[in-house]
Chemist: 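Have a look at this one.
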Amino acid sequence: MYISTRDNYQSVSAAKAIKLGMVPTGGLFVPENIPSLSQKDILAILQGSYSDVAKKILGLYLDDYLVEEISECVDKAYVDNFNHEDIVALHQLTDSVYVMELWHGPTAAFKDMALQVMPHLLSLALQKLEFDKEIVILVATSGDTGKAALEGFKDIPGIKIVCFYPYGGVSKIQERQMTTTDGKNTYVVGVKGNFDDCQNAVKAIFGDEEYCSFLAKNGYELSSANSINWGRLLPQIVYYVFSYLKLVKDKKISLGDKVNFVVPTGNFGNILAGWYAGKMGLPINKLICASNENKVLTDFFHTGVYEKNRAFKHTKSPSMDILVSSNLERFLYEMTGRDGKTISSWMEDLNNKGYFEIGDKLKEAIAEVLWADFATEDETMAMIKQEFNKTEYLMDTHTAVGMKVYEKYLKETGDDTVTILDSTASPFKFTASVLEALAGFQAVNNKDEFELFQELSKIVDMPVHSALKDLKEKPVLHDRVCEKGDIKKELEDIIGNFLLINSSYT
Ligand SMILES: *Cc1c(COP(=O)(O)O)cnc(C)c1O
């Protein structure tokens, strides 16, 4: 069963937690019991594929799903649509450092790891709960998540997805990735405004009771696919276990040896999945939490004060540009020994005063398991070049933030434990920044993003990621554009179309 981090809701089944997304009265769902990976479990999957590990881990958490159901979800998610046979690739950088590449999925983004399987879990949850409506997933995106969600939800039975992005406010590549999405249930709308306009409009629609009851009468219910849904967090535990077992299998470490993980962090979902893996018994020494110049988490772990009122910076690692890390709530719930009352009051403080404070005792307990620091923009760009010159390994900006913070960790602690660095984006996903790091601003100035692919590919002698290389030729299938004040009208038009289509069938 799943319980709320704020002690304010009854416990629910996994299917219900995945259907609800977040606790309706505020708070996040966490598993009532964290299962452990027994020696027997580990031996059973040690020689297995990514899918074998995924089936084992998901099965331990989703006991209201049948074994065959989980199997089917995993097989659909991680078989044909990744461009690496291991699904997640491990690249050895030095004697003790490995890069875990989480970006071999269909949109070249790490979000694929969860979003390729979560829609199947949700679709099954709807069946299990005998839900009689169709779900309409609304997404406001600043770029990457939108495409990963569209690709994950396309052609999933019982679900439609509508994605709003700032028209002219995302990269050309990101826009083209979204507007070329196929699938009968996908809708993409460019909004003449910024990301906040999209997000605020979507939030207002969720809160519009009259509109929601109109939809319900016609057989639809709105939902979201954001990263606080347990169905997105759970699949991320898998690659921590998989990468560890791969090092054992390849005789780089022995079963039982501890490793560190370095995680470029934004909303705290990825690193939290690593923490759950540790709690299940995976031997982890330290989790290293890397931030960019939006270093709210670094400051929090160093001072014990979470202070969200600060200037938001647009960095070259935009997927980590976050001031409120939602999944931190789950981590604090666990680290306080599941003290829901305290979590509630901290979240209230954050809401009302813009900050909360956890005290030295808890801060020190956290420091036992987690080490945090940040990298500046200049340090990040220099790291891309330094690492490429040294080892010919090319990192994107997010991964480079992680590498720089790991360098700081090594310097401060001297800890030479085997370390796995999570790589969260293909360098081709952030071509302009990566090329600028290698060849200077002149190399990218005024150039078409599709030209930059070729240029980067030539310099580093590496093929363009398969999810990106044919984009220019793909037909554009979505051309809706609306004013920022008309987002609701646009959604009504889209939904009006479904209603028409449905009535013409019945
Ligand atoms: C989403 C994302 C992150 C941040 O992950 P969280 O789980 O939100 O901490 C880091 N890098 C990339 C490329 C991402 O897309």
Side-chain angles (χ1 to χ4, degrees), residues 28 88 99-116 118 139-152 170-171 173-174 177 195 225-240 261-277 287-298 300-301 315-331 370 372 374-375 380 384 394-405 421-434 465 467-468:
L28 304 179
V88 162
V99 183
M100 168 159 62
E101 296 176 350
L102 299 170
W103 39 260
H104 289 284
T107 81
F110 130 82
K111 303 285 188 289
D112 288 333
M113 296 309 306
L115 277 167
Q116 280 298 298
M118 184 270 193
V139 183
T141 182
S142 54
D144 278 358
T145 304
K147 175 59 179 177
L150 285 163
E151 205 56 36
V170 300
S171 81
I173 306 280
Q174 288 174 324
Q177 274 193 297
F195 171 63
N226 55 31
S227 70
I228 53 181
N229 191 310
W230 180 255
R232 274 189 63 178
L233 201 83
L234 171 57
Q236 299 187 255
I237 300 174
V238 176
Y239 47 75
Y240 286 92
F261 286 97
V262 184
V263 189
T265 297
N267 220 4
F268 211 75
N270 193 4
I271 194 166
L272 180 70
W275 183 85
Y276 274 107
L287 293 167
I288 298 165
C289 175
S291 301
N292 64 23
E293 288 184 8
N294 291 296
K295 59 185 184 64
V296 60
L297 286 169
T298 304
F300 171 63
F301 290 119
T315 73
K316 290 191 165 77
S317 45
S319 304
M320 297 158 66
D321 290 346
I322 282 176
L323 293 181
V324 178
S325 272
S326 317
N327 272 301
L328 183 65
E329 178 169 345
R330 284 187 166 113
F331 182 60
L370 184 146
F374 76 106
T380 303
I384 294 174
L394 186 66
M395 308 180 159
D396 92 294
T397 46
H398 302 74
T399 311
V401 166
M403 191 64 197
K404 184 67 202 181
V405 168
L421 164 64
D422 285 21
S423 174
T424 52
S426 155
F428 285 100
K429 194 91 211 222
F430 296 92
T431 316
S433 298
V434 170
H465 192 291
L468 303 168

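For clarity, every value in this text was computed on a predicted model and none was experimentally measured. In each ligand, atom 1 is the first atom listed, and ligand 1 is the first ligand listed.
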Chemist: Evaluate the ring planes of Y240 and F261, with Trp represented by its six-membered ring, and classify them as parallel (under 30°), tilted (30 to 60°) or perpendicular (over 60°).
Modeler: perpendicular
Chemist: Give me the residue, atom name and distance of the protein heavy atom closest to atom 5 (O) of ligand 1.
Modeler: F110 CE2, 3.7 Å
Chemist: For ligand 1, note which part of F268 has a heavy atom under 4.0 Å away: side chain, backbone, both or neither.
Modeler: backbone
Chemist: Any salt bridge linking D144 with K429? Criterion: basic side-chain nitrogen under 4.0 Å from a carboxylate oxygen.
Modeler: yes
Chemist: Using the six-membered ring wherever Trp is involved, compare the ring planes of F430 and H398 and label them parallel, tilted or perpendicular (cut-offs 30° and 60°).
Modeler: tilted
Chemist: Looking only at protein heavy atoms, which one is nearest to atom 14 (C) of ligand 1, and what is the separation?
Modeler: K111 NZ, 2.9 Å
Chemist: Heavy-atom distance under 4.5 Å between the side chains of L115 and E151, does that happen here?
Modeler: no
Chemist: Does any N or O of ligand 1 fall below 3.5 Å from an N or O anywhere on H398, backbone included?
Modeler: no
Chemist: State the atoms of ligand 1, each with its element, that fall below the 4.0 Å cut-off from a heavy-atom position in A425.
Modeler: 13 (C)
Chemist: Sub-3.5 Å donor-acceptor pair from the side chain of Q174 to the main-chain atoms of S171, do we have one?
Modeler: yes
Chemist: In the structure I gave you, are the side-chain heavy atoms of F110 and Q236 within less than 4.5 Å of one another anywhere?
Modeler: yes
Chemist: Is G269 close to ligand 1, meaning an N/O of one under 3.5 Å from an N/O of the other?
Modeler: yes
Chemist: What residue and atom, counting heavy atoms only, is the protein's closest point to atom 8 (O) of ligand 1, and at what distance?
Modeler: N267 N, 2.7 Å
Chemist: So, applying side chain to side chain donor-acceptor pair (under 3.5 Å) with S317, which one of N292, T397, N294, D396 is it?
Modeler: N292
Chemist: If we only count N/O pairs under 3.5 Å, is N270 in contact with ligand 1?
Modeler: yes
Chemist: Quick check on A109 - does any of its heavy atoms sit under 4.0 Å from an atom of ligand 1?
Modeler: no
Chemist: Tell me whether M320 has any N or O atom under 3.5 angstrom from an N or O of ligand 1.
Modeler: no
Chemist: Is any side-chain heavy atom of M403 less than 4.5 Å from a side-chain heavy atom of M395?
Modeler: yes
Chemist: Which residue holds the protein heavy atom closest to atom 11 (N) of ligand 1, what is that atom called, and what is the gap in Å?
Modeler: T424 OG1, 2.8 Å
Chemist: Run the contact test for T265 against ligand 1 with a 4.0 Å cut-off on heavy atoms, strictly below, and give the result.
Modeler: yes
Chemist: Note the single closest protein heavy atom to atom 9 (O) of ligand 1, along with its residue, its atom name and the distance in Å.
Modeler: G266 N, 2.8 Å
Chemist: When you measure from the side chain of N267 to the backbone of G269, do you find a donor-acceptor pair of N or O atoms at a distance under 3.5 Å?
Modeler: no
